[in-house]
Amino acid sequence: DKGHDHGWQRGSSLDHWSTQVLSSLHPDCEYVFQLEREERHCLQYITEHDNNHSTLGCLPFWDSLACWPYAVVGETVRTECPDVFSILGNKTGSVSRNCSSIGWSQPFPPYRIACIVEDDIDVPEYFATVKLIYSIGYGTSLVFLSIAVLILVLFRKLRCARNCIHIQLFVTFMLKAVAVFIKDATLFASDDTDHCTLSTAACKASVVFCHYCVMANFFWLLVEALYLNSLLLSSFHHSHRCLWGFGLLGWGVPLVFIIMWIGSRMYFEDTECWDINEDSPYWWIIKGPIVVSIVVNFILFMNIIKILIQKLNPRLIQFNNSDQYKRLTKSTLLLIPLFGTHYMVFNFLPDYFNITVRICIELCMGSFQGLIVAILYCFLNKEVQKEIRVRWMKWQDNSYGAVLPGAKGSQMDTPF
C-alpha cells in the first residue's frame with residue numbers, strides 16, 4: 001500500500017476571532033456551521049474534480065466528518081482529525097481509509113479513538129456550561145457597573161471630564177451585557193427553536209443591537225486612550241466641545257457603520273439571523289473599524305508608556321511632579337485590560353487555533369471585563385472611596401451641615 005496526506009481542506013483565517021466575538025454566533029452553532037462549511041468545501045472539490053478520475057478506484061466522498069479524495073485500488077489515504085474536533089479539545093490525530101476493489105474501508109482507527117474523544121464528553125453540556133459562565137459574568141458585571149455609574153453620577157464632587165468618559169465606557173459594557181441577554185432570549189426562547197437557522201425580525205434586531213454595543217465599546221476604549229494621551233501631553237482642555245467630540249466618536253461613528261452594514265445585509269445578504277459572516281465582504285464594514293481601533297489603541301498604549309518613562313526621569317521633571325507621574329504609571333498599567341491586548345493576540349491566530357481556549361477567553365473571561373473595569377476605575381479609586389466614606393459618616397451622624405475631616409479636597413483632581 002502507499003499512503004499520502006490529505007490536507008486540501010485545511011486553511012486559516014485571521015478574522016475568525018472577530019466572528020466569534022462580534023457576530024453573536026452561539027458556540028454550538030459554530031459546531032454545526034463548521035461541519036457545514038467543511039461539507040460545502042468537499043462537495044465543491046468533488047464537483048471540480050468529477051471528470052478527472054477514472055471509474056476504477058474509489059470516488060471522493062463526504063462521510064459527515066471529513067472529505068476523502070479519489071484513490072486508486074490498493075491506496076491508503078490518511079487525513080488529519082477534522083477541525084470540528086478542536087471544539088472538544090483535540091485534533092492532533094489522524095484517520096486512514098483503504099481503497100479496495102469493493103470501495104472504501106471503514107476509517108481506522110475510528111474517529112473517537114484517533115481524535116481522542118472521550119466517551120463521557122457531552123458537547124451540549126459543554127456549551128451549556130459556557131453559556132452559564134458568561135451569563136454569570138455579564139450579570140455580575142451589569143450589577144457592579146450599574147452601581148459604579150450611579151456613584152459617579154449622583155456624587156457631585158466626583159463629576160469631572162475623566163469620569164464623564166468613564167461613565168460612557170461603563171454604559172457600553174452594560175449595553176453589551178444587555179445585548180447578550182436579549183440575543184440569548186431571542187434565540188433560545190423555546191427548546192423547539194432551531195436557533196442556528198432562525199431568521200426573524202426580532203432575531204436580526206438583537207444581532208444588530210449586539211453589534212452596535214460591541215462596536216461602541218471598542219470605540220469608547222479608544223476614547224479612553226485618546227483622553228489619556230491628551231492628558232500626558234498636556235493638550236486637553238476641559239471644554240464641552242472636546243467632550244462632544246469624544247461622544248460623537250464613541251457613539252456616532254459606530255452608528256454610521258452599523259447603518260451601512262444593515263443596508264448591505266438587507267439588500268445583498270439577507271440570510272439567517274445576520275449572525276453568519278463567513279466569507280462576507282460586507283463584514284468588513286464592522287470588522288474593519290474595530291480592527292483599526294484595536295491597533296490604534298495598542299499604538300497609543302505604547303506611546304503612553306514612552307511618555308511616562310520620559311516624564312518619570314528625575315532629570316527631566318521637577319521633584320513635586322514625581323508623585324503625580326508615579327500615579328500615572330500605576331494607572332496606565334491598570335489600563336492593560338482595557339486596551340484589548342488579547343484581541344491583538346487572537347487577531348493573528350489561525351482560524352481554529354485551540355477553539356476551546358478561545359471560547360473560554362472570549363466568552364467567559366470577556367464577560368467579566370466589565371466587572372474588572374468597574375472595580376479598577378470606580379470601587380478602588382481613592383477619591384471615590386473617600387467620597388463614599390464621607391457620605392457614610394454624614395449619614396451616620398445625621399448632620400449633613402457639618403464638614404468632616406477629609407471632606408475637603410475630595411474633588412477629584414487626578415487624571416484617573
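Values in this document were obtained by computation on a predicted structure and should not be read as measured data.
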If only atom types and distance count, is the side chain of [X] paired as donor or acceptor with the main-chain N or O of [Y] below 3.5 Å?
X: Ser206; Y: Lys183; value: no
X: Ser141; Y: Ser367; value: yes
X: Asp63; Y: Leu65; value: yes
X: Ser96; Y: Arg78; value: no
X: Glu38; Y: Cys67; value: no
X: Asn163; Y: Leu152; value: no
X: Arg159; Y: Val153; value: yes
X: Arg97; Y: Val77; value: no

What is the minimum heavy-atom distance between [X] and [Y], and which atoms define it?
X: Pro281; Y: Glu269; result: CD-OE2, 4.2 Å
X: Pro69; Y: Tyr45; result: CB-OH, 3.3 Å
X: Cys273; Y: Val207; result: O-CG2, 3.4 Å
X: Leu145; Y: Ala374; result: CD2-CB, 3.7 Å
X: Phe379; Y: Ala148; result: CZ-N, 4.0 Å
X: Ser94; Y: Pro109; result: O-CD, 4.0 Å

So Asp270 and Arg265, side-chain contact (heavy atoms from CB on, under 4.5 Å) or not? Walk me through it. CA-CA 5 Å; Asp270 191 9; Arg265 291 304 300 247; over 6 Å; no
Do [X] and [Y] have side-chain heavy atoms sitting under 4.5 Å apart?
X: Gln369; Y: Lys176; answer: yes
X: Cys378; Y: His166; answer: no
X: Pro289; Y: Phe219; answer: yes
X: Leu169; Y: Glu224; answer: yes
X: Gln168; Y: Trp251; answer: yes
X: Glu383; Y: Cys160; answer: no
X: Ile262; Y: Trp274; answer: yes
X: Ser264; Y: Ile285; answer: yes

Quick one: pull up [atom1] in [X] and [atom2] in [Y] and give me the separation to the nearest 0.5 Å.
X: Leu222; Y: Leu249; atom1: CG; atom2: CG; result: 5.5 Å
X: Tyr212; Y: Phe209; atom1: OH; atom2: CZ; result: 9.0 Å
X: Lys386; Y: Arg389; atom1: NZ; atom2: CZ; result: 7.5 Å
X: Leu221; Y: Asn297; atom1: CG; atom2: CG; result: 6.0 Å
X: Tyr227; Y: Cys164; atom1: OH; atom2: SG; result: 9.5 Å
X: Leu300; Y: Asn229; atom1: CG; atom2: CG; result: 4.5 Å

Once the angle between the rings of Tyr138 and Tyr134 is folded into 0 to 90°, is it parallel (under 30°), tilted (30 to 60°) or perpendicular (over 60°)? perpendicular
For the residue pair Phe61 and Trp104, does the interplanar ring angle fall in the parallel (under 30°), tilted (30 to 60°) or perpendicular (over 60°) class? tilted
Check the surroundings of atom CD1 in Ile102: do more than 12 heavy atoms from other residues, nucleotides or ligands lie under 6.0 Å from it? no
Other residues, nucleotides and ligands only: do more than 12 of their heavy atoms fall within 6.0 Å of CZ on Phe144? no
For side-chain contact (heavy atoms from CB on, under 4.5 Å), just list the numbers for Lys157 and Val390, CA-CA rounded to whole Å, side-chain angles, deciding distance to a tenth of an Å, and then say yes or no. CA-CA 11 Å; Lys157 291 185 178 181; Val390 169; over 6 Å; no
Does the Lys NZ or Arg CZ of Lys287 fall within the cation-pi geometry relative to Trp283 - under 6.0 Å from the ring centre and within 45° of the axis? no
Could you check, using the six-membered ring where one of them is a Trp, whether His41 and Trp62 have ring centers closer than 6.0 angstrom? no
As a test of understanding, state which of Leu243, Leu228, Ile165 forms a side-chain contact (heavy atoms from CB on, under 4.5 Å) with Val223. Ile165
Mind running side-chain contact (heavy atoms from CB on, under 4.5 Å) on His211 and Met215 for me, showing each step along the way? CA-CA 6 Å; His211 286 340; Met215 200 173 188; over 6 Å; no
List the steps, then state whether side-chain contact (heavy atoms from CB on, under 4.5 Å) holds for Arg40 with Glu36. CA-CA 6 Å; Arg40 287 197 301 270; Glu36 292 183 352; 4.0 Å; yes
Classify the side-chain pair Asn217/Thr172 by whether it contains a donor and acceptor separated by less than 3.5 Å. yes
